[in-house]
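Single-structure report; data block below.
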Number of protein chains: 2
Amino acid sequence: MAKAEDIQFNSLDYDDPMVGRILDAAEQCIHRFGIRRSTVGEVARVGKLSRGSIYRYFADKEALVAGVFKRRQELYLNRTEAALEKEPTLVDKLTHSVVSGRKDMEEGIFASLAETEPETVAMMFLDPSFYRRSVSFWPPHVLMAQEAGEISSDVDVATATDLLMRLAVSLVMFPNMGLGLKTRREIRAYLDQVIKRGLG
Amino acid sequence: MAKAEDIQFNSLDYDDPMVGRILDAAEQCIHRFGIRRSTVGEVARVGKLSRGSIYRYFADKEALVAGVFKRRQELYLNRTEAALEKEPTLVDKLTHSVVSGRKDMEEGIFASLAETEPETVAMMFLDPSFYRRSVSFWPPHVLMAQEAGEISSDVDVATATDLLMRLAVSLVMFPNMGLGLKTRREIRAYLDQVIKRGLG
DNA sequence: GATTAAACAATAATCGTTTTTTGTTTATTT
DNA sequence: AAATAAACAAAAAACGATTATTGTTTAATC
């Protein structure tokens with residue numbers, strides 16, 4: 001019992017078919033109408049379930065919306081994590097993250113939201129908690145790169161992770177900041193330079 | 001003649017006392033009430049001039065607001081540029097930029113705007129044109145650092161500038177992203193590492 | 001010649017009202 | 001035991017009428 005309360009603090013279990021249906025419907029609504037114009041009643045109608053059920057799993061509309069984006073992000077991280085297995089080096093991994101990150105921003109739910117509620121998207125992007133989850137993502141890959149001798153073992157993992165995150169976020173957020181890094185090859189060359197030797 | 005039209009494309013001349021009065025008044029209004037609640041009439045009253053004069057120098061309210069922020073940014077760049085003269089190395093220069101950039105964000109016009117209209121501030125931060133002016137800022141310093149042997153001459157100036165910009169913007173925008181870089185010394189150490197050797 | 005004050009239509013903000021939505025609860029159904 | 005439907009007060013959104021603001025123009029003033 002007391003599901004909605006748990007979800008506030010613990011994470012959603014996407015395996016629960018009810019949660020999945022709710023999030024699917026909510027995401028569809030957000031995708032089509034944006035957050036403001038999506039009502040809980042509409043989500044219920046689209047998901048063919050009752051409003052009561054939604055409020056059983058989500059404390060309020062805000063939590064529901066957060067759940068949609070949380071799932072999207074989790075999905076992105078899972079997919080990216082899987083894809084990175086096949087990338088040989090840390091530089092390749094980061095390149096892949098940037099490329100797929102940009103793609104998600106251009107054609108995912110963010111793209112449609114950006115058209116109807118750009119300020120909301122801007123606020124999300126600037127919210128530090130938006131990136132918190134991703135921070136735990138890189139350390140293992142940093143360690144691997146250190147063991148493989150790709151990067152130095154002198155630099156501590158937290159510092160390396162910080163730099164990787166900043167580069168990835170910056171490159172997704174600002175495709176061209178002085179330099180116009182468009183193609184995968186350009187991005188890779190840039191990251192290779194920056195990570196391997198900085199400006200030294 | 002035809003001042004307002006020129007200003008659209010050329011830059012404002014802050015030496016013109018009328019322009020200065022208008023911008024002073026506008027900035028004061030924005031600082032106290034935010035953009036939405038600031039009216040051109042109120043700006044005129046505060047600046048003790050006529051609405052007509054404001055429209056003589058600025059095409060519309062949007063241009064006026066843009067002018068306020070443009071001047072602020074120009075002032076920041078000028079002050080920073082001057083302060084950098086005294087900083088011995090590129091790393092010190094960038095450190096200074098980050099520290100003073102953070103200070104401006106915390107106590108300048110952005111801080112007050114962020115309280116009343118956070119979405120507006122978020123939108124400005126994510127607007128690439130916000131950083132365009134700063135891009136022309138770094139190349140001379142990069143060249144100096146290359147001549148001094150602080151950084152390699154192999155890296156082209158545009159690439160170096162791009163990295164410096166990304167680091168500065170990221171560190172101002174996200175004070176802690178994994179690592180919590182608070183003090184001047186921490187920031188300097190981080191930048192020294194990243195710029196001089198990357199993760200290699 | 002530039003600044004101002006006043007007048008003006010077009011646009012946008014505000015206000016009070018009505019309607020919708022939210023979030024909670026209750027009884028009923030699966 | 002969980003999902004539903006219905007009912008409900010409180011909060012928020014939508015609406016239309018009113019007021020304020022914008023941006024332009026005009027003639028008067030410095």
Side-chain angles (χ1 to χ4, degrees), chain A residues 1-9 12-26 28-30 32-68 113 116-117 119-120 123, chain B residues 1-9 12-26 28-30 32-68 113 116-117 119-120 123:
Chain A
M1 58 180 301
K3 289 216 171 187
E5 290 80 47
D6 293 351
I7 287 165
Q8 293 292 76
F9 303 103
L12 295 160
D13 71 332
Y14 304 118
D15 298 335
D16 187 328
M18 195 61 50
V19 171
R21 267 171 71 197
I22 294 170
L23 289 178
D24 286 346
Q28 204 179 315
C29 287
I30 291 173
R32 280 160 59 181
F33 313 119
I35 294 169
R36 286 190 61 184
R37 308 234 168 246
S38 295
T39 70
V40 176
E42 178 72 8
V43 172
R45 195 164 336 120
V46 169
K48 282 169 187 153
L49 36 81
S50 69
R51 250 161 35 86
S53 292
I54 294 175
Y55 280 104
R56 176 170 181 69
Y57 288 93
F58 296 90
D60 51 24
K61 186 183 170 180
E62 194 184 323
L64 174 59
V65 172
V68 168
L113 236 198
T116 54
E117 294 162 63
E119 334 75 25
T120 307
M123 290 292 283
Chain B
M1 57 182 299
K3 288 214 169 186
E5 290 79 46
D6 293 350
I7 288 164
Q8 293 292 77
F9 301 105
L12 294 162
D13 69 336
Y14 303 118
D15 296 334
D16 188 328
M18 196 60 50
V19 170
R21 268 171 72 196
I22 295 171
L23 289 178
D24 286 345
Q28 203 178 316
C29 288
I30 292 173
R32 282 159 59 181
F33 313 119
I35 294 169
R36 283 189 62 184
R37 307 230 170 252
S38 295
T39 69
V40 176
E42 178 73 7
V43 172
R45 195 165 335 122
V46 169
K48 284 170 187 150
L49 36 81
S50 70
R51 253 161 31 86
S53 290
I54 294 176
Y55 279 105
R56 177 169 179 70
Y57 287 92
F58 297 90
D60 51 25
K61 186 183 171 180
E62 194 183 322
L64 174 59
V65 172
V68 168
L113 236 197
T116 54
E117 294 162 63
E119 334 75 26
T120 307
M123 289 292 282

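Sequence lines set the chain letters: A, B, ... in the order given, protein chains first and strands last, and positions in each chain run from 1.
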Nearest-Å distance for atom pair [atom1]/[atom2], residues [X] and [N]:
X	N	atom1	atom2	result
A:R45	C:dT20	CZ	P	13 Å
B:F58	D:dT24	CZ	C1'	18 Å
B:K61	C:dA13	NZ	C1'	10 Å
B:I54	D:dT24	CD1	C1'	15 Å
B:M18	C:dG1	CE	C1'	12 Å
A:I35	C:dT21	CD1	P	17 Å
A:D16	D:dA2	CG	P	10 Å
A:R36	C:dT20	CZ	C1'	14 Å

I'd like to know if the side chain of A:T116 reaches the main chain of A:G34, judged simply by a donor and an acceptor atom lying under 3.5 Å from each other, with no hydrogens or angles considered.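 Checking the backbone N and O of A:G34 against the side chain of A:T116, no donor-acceptor pair under 3.5 Å is found.
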Closest listed nucleotide, where the reference is the side chain of [X] and the choices are [options]:
X	options	result
B:R37	D:dT21, C:dT4, C:dT14	C:dT14
A:R51	C:dT22, D:dA14, D:dT22	C:dT22
B:Y55	D:dT22, C:dT21, C:dT4	D:dT22
B:S50	D:dA14, D:dG23, C:dT4	C:dT4

Residue mapping more 5' on DNA chain D - nearest nucleotide basis, A:R21 or B:S38: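 Nearer the 5' end of the strand: A:R21.
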Closest nucleotide of DNA chain C for A:G41 versus for B:L49: which of these residues is on the 5' side?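 Looking at the nearest nucleotide for each, B:L49 comes out on the 5' side.
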Is there a side-chain contact between [X] and the phosphate of [N], meaning an N or O under 4.0 Å from OP1 or OP2?
X	N	value
B:R56	C:dA2	yes
A:Y57	D:dA3	yes
B:S53	C:dT4	yes

Is the shortest side-chain heavy-atom distance between A:F58 and A:V68 below 4.5 Å?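 Not touching, per the 4.5 Å side-chain cut-off.
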Contact between B:T39 and B:F33 at the side-chain level, heavy atoms closer than 4.5 Å - yes or no?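 Sidechains of B:F33 and B:T39: no contact.
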